[in-house]
Amino acid sequence: MSCPDCDGELAVFAVPEPLESHAPEAALTVGLCADCLGLYPTDEPVTEGDSRPLADALPEGDSGAAVALLVGMLDSLALNRAGIVDCVEFAEQSGTDVHLTIDRLQRAATDPHFDVARRQSQLDAFL
């Protein structure tokens, strides 16, 4: 499946049970676009390994899913505060450096639908 907005490749993650309430449309799997960083519900199989989209920027598994969900909520920090905090805490408890991961995403994405650097600085102040 490709991104419905820009036709980019999706990195597909299974949503961890504790974060299911933060998934778009209560999806059990979500896809994060490697180009625009849009997050979409999907029923595609989970992508794994070094050849998956955003493999250099996002961890695999549950912590990758937590970061993908977090990125999907960054377009509105005020409305998504609780979900963002939940995803950051989940990812960090899984051993992921969220700030470093978002920095890598900023360098990896070609045309994100939001200003990643601005959101990252706001997120730093937010947490």
Side-chain angles (χ1 to χ4, degrees):
M1 176 176 171
S2 60
C3 176
D5 289 332
C6 74
D7 210 29
E9 283 188 274
L10 295 180
V12 180
F13 296 93
V15 177
E17 187 176 338
L19 300 178
E20 285 178 354
S21 64
H22 303 303
E25 300 177 24
L28 297 179
T29 55
V30 293
L32 183 67
C33 178
D35 291 332
C36 72
L37 295 182
L39 184 73
Y40 307 94
T42 183
D43 56 2
E44 295 292 312
V46 172
T47 53
E48 296 177 347
D50 292 339
S51 63
R52 72 180 162 85
L54 300 172
D56 292 341
L58 285 178
E60 288 186 323
D62 287 350
S63 53
V67 174
L69 291 170
L70 163 67
V71 169
M73 291 185 271
L74 285 180
D75 58 345
S76 180
L77 296 177
L79 293 177
N80 298 315
R81 181 180 200 110
I84 289 170
V85 169
D86 288 348
C87 289
V88 168
E89 288 176 354
F90 185 93
E92 288 178 345
Q93 289 172 357
S94 299
T96 297
D97 183 334
V98 173
H99 299 288
L100 177 62
T101 303
I102 291 180
D103 185 54
R104 288 179 181 156
L105 279 174
Q106 179 181 351
R107 287 183 267 131
T110 57
D111 190 20
H113 72 281
F114 61 92
D115 184 345
V116 180
R118 182 170 176 243
R119 288 297 186 212
Q120 184 176 21
S121 67
Q122 291 172 331
L123 185 61
D124 290 342
F126 184 74
L127 297 175

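When a residue number appears, it is its place in the shown sequence, counting from 1.
Between the side chain of Thr47 and the main chain of Val12, a donor-acceptor pair closer than 3.5 Å is present. For Asn80 (side chain) and Ser76 (main-chain N/O), a donor-acceptor pair under 3.5 Å exists by modelled atom type. At distances below 3.5 Å, not a single donor-acceptor pair connects side-chain atoms of Glu20 with backbone N or O atoms of Leu28.
Taken to the nearest 0.5 Å, the CD atom of Glu9 stands 9.0 Å off from the OG atom of Ser2. In this structure, Leu77 CG and Ile84 CD1 are separated by 4.5 Å, a value rounded to the nearest 0.5 Å. Leu54 CG to Arg52 CZ: the interatomic distance, rounded to the nearest 0.5 Å, is 7.5 Å. Taking CG from Leu100 and CD from Gln120, the interatomic distance works out to 9.0 Å, rounded to the nearest 0.5 Å. Atom CD of Glu92 and atom OG1 of Thr101 lie 9.5 Å apart (nearest 0.5 Å).
Residue Pro112 forms a side chain to side chain contact (heavy atoms under 4.5 Å, CB included) with just one option from Leu37, Asp75, Leu74, Asp35, and that option is Leu37.
Residue Thr42 comes nearest to Gly31 through the heavy atom pair CG2-N, 3.7 Å, listed as atom of the first residue, atom of the second, then distance. Contact between Gly8 and Cys33 at its shortest, heavy atoms only, is CA-SG, 4.0 Å. Here the shortest heavy-atom pairing between Ala27 and Val15 reads O-CG2, 3.6 Å. In terms of heavy atoms, Cys36 sits closest to Tyr40 at SG-OH, 3.9 Å. Scanning all heavy atoms of the two residues, the minimum distance from Val46 to Phe13 falls at CG2-C, 4.2 Å. The minimum heavy-atom distance linking Ala91 with Val98 is given by the pair CB-CG2, 3.7 Å.
Side-chain contact check for Ile102 versus Gln106: every heavy-atom pair is 4.5 Å or farther apart. Counting heavy atoms from C-beta outward, Pro24 and Leu39 have side chains that approach closer than 4.5 Å. Counting only heavy atoms from C-beta outward, the side chains of Pro53 and Leu10 never approach each other to under 4.5 Å.
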Residues 56-71, side-chain donor-acceptor partners within the protein, below 3.5 Å, at least two apart:
residue	atom	partner	partner atom	Å
Glu60	OE2	Gly49	N	2.4
Ser63	OG	Thr96	OG1	3.2

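Residues His22 and Asp86 bring a donor and an acceptor atom of their side chains to less than 3.5 Å of each other.
By the salt bridge (charged side-chain N to carboxylate O under 4.0 Å, His left out) test, Asp97 is found to be paired with no residue, residues two or more places apart in sequence or in another chain being considered.
Under the 4.0 Å criterion applied to side-chain N and carboxylate O atoms, Asp115 and Arg119 are not assigned as salt-bridge partners.
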